[in-house]
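Pasting a structure below so you can have a look.
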Amino acid sequence: MPELPEVETVAAALREHLPERQIIGVVTRCERLRRPIPIAALQNEVNAVICGVRRRAKYLLIDLDSGRTMVIHLGMSGTLRLVPENETAERHDHIDIKLDDGSVLRYRDPRRFGLVILVTPDADGQIAELGNLAPEPLSKEFSGEYLYNLSRKRTSPIKTFIMDQRRVVGVGNIYACESLFRARIRPTLKTGTLSRKRCQLLVDTIKAVLTEAIAIGGTTISDFYGVDGSEGKFALKLKVYGRSGDICPECGTSIKKITLGGRSTFYCPKCQK
DNA sequence: CGTGCTGTTGCTAG
DNA sequence: ACTAGCAACAGCAC
């Protein structure tokens, strides 16, 4: 589920609750997600105090006063919720972080594509284990000129390109489809054929769409929820994603569904050239 | 019952 | 160096 706006929604909520809380217990109920859960290392953080919550790409970073950082990725179906300590864990509730105010940070992930690890950031707070991540889409570094320069001579479809985490992070399938629709760019267009002007338009549109989605709590399709169980409202704003066969809200043409890079892709054949 | 989707990432093979 | 394909998993719609 979670793309950048969903992760940012979770990070913002956690920022309200977690700082200054002390970890008083850790419960794990499964051995591994995408990678093994470092159970002993997590247990070692009992008594640590949470000093901050950050987001980088689609990763949540929970900084601890031990000098270590818990890195959490929600994969396709991961959720984090803050629940009272007496709430019983259900199937797929894999990790509980018990806090000193009686609340529990609970990680659930039916498909187990997520990631929970402990790392030690370097002096700048950077995390080597995350590798060389591309620029944040909402940063100044991600500009029309940046996209234009990177895209020259590239023959892959523009949609595949903007979803490539080595070019820009955080843009997943939903926001790629929606941004291309709003920028009136056909997802199949060869990246290298985009003009400077259209690169600028696409970058501006991606920023606007992500910002709008963050403002209303992200997108709930089936299993994304805020830490309090609330649903993201951006689902109501989707114009093409998941709407094959529906009529385009701009021109009435039937929305088409194709596959690009193995991912379902939705667009309006009339509006997007 | 199957079959074929699903918001991600990273490995493999070409 | 590049891209496409697939695997990891559970659930759900058909």
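Lettering follows sequence order; numbering is per chain, from 1. Please read all numbers here as calculations on a predicted model, not as lab measurements.
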query: Taking the side chain from A:H17 and the backbone from A:L82, do they hold a donor-acceptor pair closer than 3.5 Å?
result: no
Scan the side chains in residues 36-48 of chain A for donor-acceptor partners under 3.5 Å anywhere in the protein, sequence neighbours excluded, and list what turns up.
{"residue": "A:Q43", "atom": "NE2", "partner": "A:V26", "partner atom": "O", "Å": "2.9"}
{"residue": "A:E45", "atom": "OE1", "partner": "A:S66", "partner atom": "OG", "Å": "2.7"}
{"residue": "A:E45", "atom": "OE2", "partner": "A:R68", "partner atom": "NE", "Å": "2.3"}
{"residue": "A:E45", "atom": "OE2", "partner": "A:R68", "partner atom": "NH2", "Å": "3.3"}

message: In whole Å, measure the gap between the P atoms of C:dA1 and B:dT9 for me.
response: 22 Å
message: Just to verify, what does A:D100 make a salt bridge (Lys or Arg N to Asp or Glu O under 4.0 Å) with, not counting sequence neighbours?
response: A:R21
task: Could I get the full list of ring pair (Phe, Tyr, Trp, His ring centres under 6.0 Å) partners for A:F181, not counting sequence neighbours?
output: none
query: Taking NZ, NE, NH1 and NH2 as the nitrogens, is one of them in A:D109 or A:R112 under 4.0 Å from a carboxylate oxygen of the other?
result: no
task: To the nearest Å, give me how far apart CG (A:N173) and P (B:dC5) are.
output: 14 Å
field: Test item: A:D124 side-chain N/O and A:Q126 main-chain N/O as donor-acceptor pair under 3.5 Å
entry: no
- line: Here the residues of residues 233-240 of chain A within 4.0 Å heavy-atom distance, strictly under, of DNA chain B are none
- prompt: What does A:G262 touch in the nucleic acid at a heavy-atom separation under 4.0 angstrom: a base, only the sugar-phosphate, or nothing?
  reply: nothing
- prompt: By salt bridge (Lys or Arg N to Asp or Glu O under 4.0 Å), which residues pair with A:R196, not counting sequence neighbours?
  reply: A:E145
task: Could you pull out all residues at least two apart from A:H73 that satisfy ring pair (Phe, Tyr, Trp, His ring centres under 6.0 Å)?
output: A:Y59
- line: Sorted by chain and number, sequence neighbours left out, salt bridge (Lys or Arg N to Asp or Glu O under 4.0 Å) with A:R106 holds for A:D96
query: 5' to 3' on DNA chain C, which nucleotides open and close the contacts with chain A (atom under 4.0 Å from a heavy atom)?
result: C:dC2 to C:dG11
message: One thing to verify: whether A:E136 and A:R56 come together as a salt bridge, which I'm taking to mean a side-chain N less than 4.0 angstrom from a carboxylate O.
response: yes
- request: Quick one: stems involving DNA chain C, counted as three or more successive Watson-Crick or G-U pairs, both distances short of 3.5 Å.
  value: B:2-6 with C:10-14, B:8-14 with C:2-8
- prompt: B:dG7 and C:dA13: how far apart are their P atoms, nearest whole angstrom?
  reply: 16 Å
query: Among all residues two or more places apart in sequence or in another chain, which pass the side-chain hydrogen bond (donor to acceptor under 3.5 Å, both in side chains) test with A:S179?
result: none
- request: Under the side-chain hydrogen bond (donor to acceptor under 3.5 Å, both in side chains) rule, collect the residues that match up with A:R184, sequence neighbours excluded.
  value: none
message: What does the B/S/- profile of nucleotides 9-14 of chain B look like, 5' to 3', with a 4.0 Å heavy-atom cutoff to protein?
response: BS----
- prompt: Between A:T265 (side chain) and A:R263 (backbone), is there a donor-acceptor pair under 3.5 Å?
  reply: yes
